[in-house]
Number of protein chains: 2
Amino acid sequence: MKTDKSEIERRMTRFEQVCRSADVKLTHQRMEIFREVAQTGDHPDAETVYRGVRTRVPTVSLDTVYRALWLLSDLGLITTLGSSRERMRFDANLSRHHHFVCLRCGLTRDFYSDAFDELKLPQSIRAIGRVETTHVEALGVCRKCAKTNRAKPTTMKRK
Amino acid sequence: MKTDKSEIERRMTRFEQVCRSADVKLTHQRMEIFREVAQTGDHPDAETVYRGVRTRVPTVSLDTVYRALWLLSDLGLITTLGSSRERMRFDANLSRHHHFVCLRCGLTRDFYSDAFDELKLPQSIRAIGRVETTHVEALGVCRKCAKTNRAKPTTMKRK
DNA sequence: TTAGGTGCAAATTCTTTGCACCCTG
DNA sequence: CAGGGTGCAAAGAATTTGCACCTAA
């Protein structure tokens, strides 16, 4: 699930722009942490980002990864997803998209749908609040899990 | 956000049926824990359920609440929601519904939409896996937060 | 230069587990 | 009365924080 080169470039450029305009320092660590998320489509958790970054910046620490990820999220450069019985995951895909989530293994993959994007919200929702964005979650069983185990989906074991 | 009486009754009845057919013991604790989730529309976390149950069963322990909630989830009697920067929350509303989530305070409210329920998934998703259910998440700012603070939504502080 | 960023280690918070006793079926 | 369920206390996992040093601007 690699993101293609030109898209990574685009994301890195935007990263630099946003950091500068927000007066946030462009450190080596932050750059590599963002790159790690930007370069994968796998919605990694903090630990996974940490492991990836460490191959390039061996001295980076896990708490720096956490601090950077939340900062990036505050800056709107990445989004978070934390459904299901799992740790928090991070996503650098900012284009309008939706998620397929495997109930057995937690695999999360992006998908796109014009029909979903154009959905009109019911009027009744205005009584609750003002909606900024909507996102569809499709829950099911991924190809791989469907092959390996035909049992009813049960709760995923933690860790 | 109280659920109406008849609906609670219905949920409690189903709870008893499912437990019996799954050979799961109907203990006082489990019953009150389920009732606590069934009776609110607030998608409480484990701690909140614990506090609520304790007023009726003062000796109940937090770990029993956790064990019961995951059990109920395994039995399909409740669902879990854990998006955003928060702890796991539980939901006894099993009818097809969607969620409005406030980006500032985390308030989560159910809403219904026939249009959403009838959505056709794109063919491309079949390459990823078999979808069992879809659920729309509408992210925005709730009435209360819109009133108290007009600043741009930022990441919620934990706790 | 200097305020913000980092690494380290320790602290928190949320959740799970081992074990002895208890209660439902 | 048997085996699952519970409470307690302690462990574990994920995430955050205090502090002294470091570095981008």
Side-chain angles (χ1 to χ4, degrees), chain A residues 15-34 36 43-51 53-54 56-75 78 80-90 106 155-159, chain B residues 15-34 36 43-51 53-54 56-75 78 80-90 106 155-159:
Chain A
F15 162 75
E16 296 191 17
Q17 288 169 346
V18 172
C19 285
R20 262 193 265 276
S21 69
D23 260 312
V24 159
K25 287 184 185 169
L26 270 165
T27 64
H28 183 41
Q29 288 91 329
R30 282 179 182 161
M31 185 159 285
E32 293 309 316
I33 289 165
F34 180 71
E36 192 64 30
H43 316 91
D45 58 27
E47 185 73 34
T48 304
V49 173
Y50 174 56
R51 281 199 305 273
V53 171
R54 231 179 5 169
R56 279 169 283 134
V57 190
T59 60
V60 75
S61 66
L62 181 56
D63 58 283
T64 295
V65 171
Y66 273 107
R67 282 188 277 226
L69 289 171
W70 292 125
L71 173 73
L72 293 169
S73 154
D74 284 349
L75 293 174
I78 61 176
T80 59
L81 39 143
S83 275
S84 83
R85 204 166 168 177
E86 287 190 310
R87 0 179 160 40
M88 187 62 63
R89 286 152 163 260
F90 302 86
T155 308
M156 283 176 281
K157 291 288 181 305
R158 246 187 211 283
K159 218 19 204 321
Chain B
F15 163 75
E16 296 191 16
Q17 290 170 344
V18 172
C19 284
R20 261 192 265 279
S21 70
D23 260 312
V24 159
K25 286 183 185 168
L26 270 165
T27 64
H28 183 40
Q29 288 91 329
R30 282 179 182 161
M31 186 159 285
E32 292 309 316
I33 289 165
F34 179 70
E36 191 63 29
H43 316 89
D45 58 27
E47 186 73 33
T48 304
V49 173
Y50 173 56
R51 280 198 307 272
V53 171
R54 230 176 9 166
R56 279 168 283 134
V57 189
T59 59
V60 76
S61 66
L62 180 57
D63 58 283
T64 295
V65 171
Y66 273 106
R67 282 187 277 227
L69 289 172
W70 292 123
L71 172 72
L72 293 169
S73 153
D74 283 350
L75 292 174
I78 61 177
T80 60
L81 40 141
S83 274
S84 83
R85 203 169 170 174
E86 288 190 308
R87 5 180 156 37
M88 187 61 63
R89 285 151 163 261
F90 302 87
T155 307
M156 284 173 281
K157 293 287 183 304
R158 245 189 214 285
K159 239 308 150 75

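The model shown is predicted, which means the values in this text are computed figures rather than measured ones. Every chain is numbered from 1, with letters handed out A, B, ... down the list of sequences.
A straight line from NE2 of B:His28 to P of C:dT24 spans 10 Å, rounded to a whole angstrom. Across the protein-nucleic acid pair, A:Leu26 atom CG and C:dA3 atom P stand 20 Å apart, rounded to whole Å. In this structure, the OH atom of B:Tyr50 is 16 Å from the P atom of C:dT16, given to the nearest Å. Distance B:Lys25 NZ to D:dC1 P: 15 Å, rounded to the nearest Å. Distance A:Asp63 CG to D:dT16 P: 11 Å, rounded to the nearest Å. Distance CG (A:Leu62) to P (D:dA13): 14 Å, rounded to an integer number of Å. Between the CD atom of A:Glu32 and the P atom of C:dT6 there is a distance of 12 Å, rounded to whole Å.
Within the 4.5 Å cutoff, the side chain of B:Glu32 has no heavy atoms near those of the B:Val60 side chain.
Contact check, A:Thr59 against C:dT6: no side-chain N or O comes under 4.0 Å of OP1 or OP2. For C:dT16, one of the phosphate oxygens OP1 or OP2 lies less than 4.0 angstrom from a side-chain nitrogen or oxygen of B:Trp70. B:Tyr66 has a side-chain polar atom (N or O) that falls below the 4.0 Å cut-off from OP1 or OP2 of C:dT15. The phosphate of C:dG7 (OP1 or OP2) has a side-chain N or O of A:Gln29 nearer than 4.0 angstrom. Checking the phosphate oxygens (OP1, OP2) of C:dG7, a side-chain nitrogen or oxygen of A:Thr64 falls inside 4.0 Å. Residue B:Thr27 places at least one side-chain N or O closer than 4.0 Å to OP1 or OP2 of D:dT6.
Comparing C:dT15, D:dA24, C:dG7 by their nearest atom to the side chain of B:Ala46 picks out C:dT15. Closest contact between the side chain of A:Arg30 and the listed nucleotides C:dT17, C:dG5, C:dC14 involves C:dG5.
Applying the 3.5 Å distance criterion, the base of D:dG7 shares a donor-acceptor pair with the side chain of B:Arg67. In the interface, the side chain of B:Asp45 is not paired with the base of C:dC14 through any donor and acceptor atom under 3.5 Å apart.
Classified by interplanar angle (parallel below 30°, tilted 30° to 60°, perpendicular above 60°), the ring pair B:Phe90/B:Trp70 is perpendicular.
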